[in-house]
Amino acid sequence: MAFSANWTDIADSQIDADSPLDTALMGSLRDNEINLKEWMGKDYTPEPNHSHDGVNSRSVGGGQLLLMDKDVSTNSTSFVTVDSAMIYIPEDLLTLTYYGRTKVETTGRADMRLAAGTTNGTTVQGVEGGADYAWNGPGTIDVSSLSGWQEFNIQMLHTTGLNAFIQKVTGRMT
């Protein structure tokens with residue numbers, strides 16, 4: 001698209017205290033406003049309070065989240081919810097990728113996942129016999145059918161029924 005008015009850089013010497021208002025300066029101010037309006041879009045309407053839902057502004061895909069930051073444990077051999085987090089899912093978001101910082105007391109493995117309603121994310125397997133906290137992942141959960149505020153359960157299990165620990169969970173919108 002060709003602009004109907006060109007952008008003009010206004011020199012400091014045109015706006016100092018000793019310079020008069022003249023047609024060149026006033027024309028530049030007018031043309032710069034026209035140029036900006038056309039550059040933003042002919043029918044541009046400002047939208048205050050963007051929700052970053054992919055509709056009235058760009059999505060926040062790629063944003064990183066701290067979903068949990070506390071020590072919890074379980075000795076369950078099946079997935080149990082140990083914490084939950086509320087996350088706003090923009091309409092155009094497809095996947096939430098996550099990592100967990102886990103360890104076990106002695107043997108076995110601390111596995112974790114995210115779940116939202118009936119949708120379970122992939123299992124992030126901990127280190128076998130990993131007695132020191134370590135980051136494990138990534139896991140993913142499909143959020144393409146979700147939008148708005150959603151509760152995500154942070155679930156974990158211990159593969160042999162001893163104590164499994166989780167310290168932190170982070171996520172990234174993709």
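Below, all heavy atoms of this structure are taken into account, side chains as well, without hydrogens, waters or symmetry copies.
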Say whether L67 and L93 are linked into one hydrophobic cluster, either directly or through other cluster members, by side-chain heavy-atom distances under 4.5 angstrom.
yes

Closest non-hydrogen atom pair, W7 against N35:
N-ND2, 3.6 Å

Are V124 and N136 close enough that some pair of their side-chain heavy atoms sits under 4.5 Å apart?
yes

Around atom CD of E33, are there more than 12 heavy atoms from other residues, nucleotides or ligands closer than 6.0 Å?
no

Less than 4.5 Å apart, side chain to side chain, heavy atoms only: is that true for L65 and Y88?
no

Between atom OG of S144 and atom CG of D92, what is the distance when rounded to the nearest 0.5 Å?
11.5 Å

Is it the case that D31 and T8 place a side-chain donor and acceptor less than 3.5 Å from each other?
no

Minimal non-hydrogen separation, I34 against S4, with atom names:
CG2-OG, 3.6 Å

Got V72 and K70 here, is their nearest side-chain heavy-atom distance under 4.5 Å?
yes

Pairwise side-chain contact, L162 with T106, heavy-atom cut-off 4.5 Å (strictly under)
yes

Atom CE in M156, atom OG1 in T102: separation rounded to 0.5 Å?
6.5 Å

Establish, for the pair R172 and Y98, whether the NZ or CZ atom is under 6.0 angstrom from the six-membered ring centre and no further than 45 degrees off its axis.
no

Are side-chain heavy atoms of Y133 and K168 found at a separation under 4.5 Å?
no

Are F165 and V80 connected into the same hydrophobic cluster when the rule is that any two of I, L, V, M, F, W, Y join if their side-chain heavy atoms are below 4.5 Å apart?
no

Do the side chains of F79 and I154 join up, straight or via other hydrophobic residues, at under 4.5 Å, putting them in one cluster?
no

Common cluster, M68/V104, ILVMFWY with side-chain heavy-atom separation under 4.5 Å:
no

Roughly how far, to the nearest 0.5 Å, is the CD atom of Q150 from the OG1 atom of T119?
9.5 Å

Got Q125 and R109 here, is their nearest side-chain heavy-atom distance under 4.5 Å?
yes

State whether a side-chain donor-acceptor pair under 3.5 Å links E91 with S147.
no

Over all heavy atoms of both residues, which pair between T122 and R113 is shortest? Give the atoms and the distance, please.
O-CB, 3.6 Å

Report the distance from atom CG of N32 to atom CG of N6, rounding to the nearest 0.5 Å.
9.5 Å

CG/L21: more than 12 non-hydrogen atoms of other groups inside 6.0 Å
no

Rounded distance [0.5 Å steps], CD in E105 versus OG in S73
9.0 Å

CD of Q14 to CG of D9, rounded to nearest 0.5 Å, is 10.0 Å

Residue from I141, T140, L114, T170 passing side chain to side chain contact (heavy atoms under 4.5 Å, CB included) with T97
T140

Pair D132 + K103, salt bridge at N-O below 4.0 Å:
no

Apply the test side chain to side chain contact (heavy atoms under 4.5 Å, CB included) to residues L96 and I87: give CA-CA distance (whole Å), side-chain angles for both, the deciding distance (0.1 Å), then the verdict.
CA-CA 10 Å; L96 182 63; I87 305 171; 3.7 Å; yes

Looking at N120, T74, I166, which one forms a side chain to side chain contact (heavy atoms under 4.5 Å, CB included) with Q155?
N120

Are there over 12 heavy-atom neighbours, none belonging to M86, within less than 6.0 Å of that residue's CE?
yes

Residue pair I15 / I10, side-chain heavy-atom distance below 4.5 Å
yes

Just so I know, are the side chains of N163 and H158 near enough to count as touching, which here means a heavy-atom distance under 4.5 Å?
no

Can you name the closest pair of heavy atoms from P90 and M173 and give their distance?
CD-SD, 4.3 Å

Tell me, with the steps shown, if T107 and T160 meet side chain to side chain contact (heavy atoms under 4.5 Å, CB included).
CA-CA 8 Å; T107 62; T160 61; 4.1 Å; yes

Can you see which heavy atom on L146 is nearest to which on I89, and at what distance?
O-CG2, 3.5 Å

More than 12 heavy atoms of other residues, nucleotides or ligands under 6.0 Å from CG of D16: yes or no?
yes

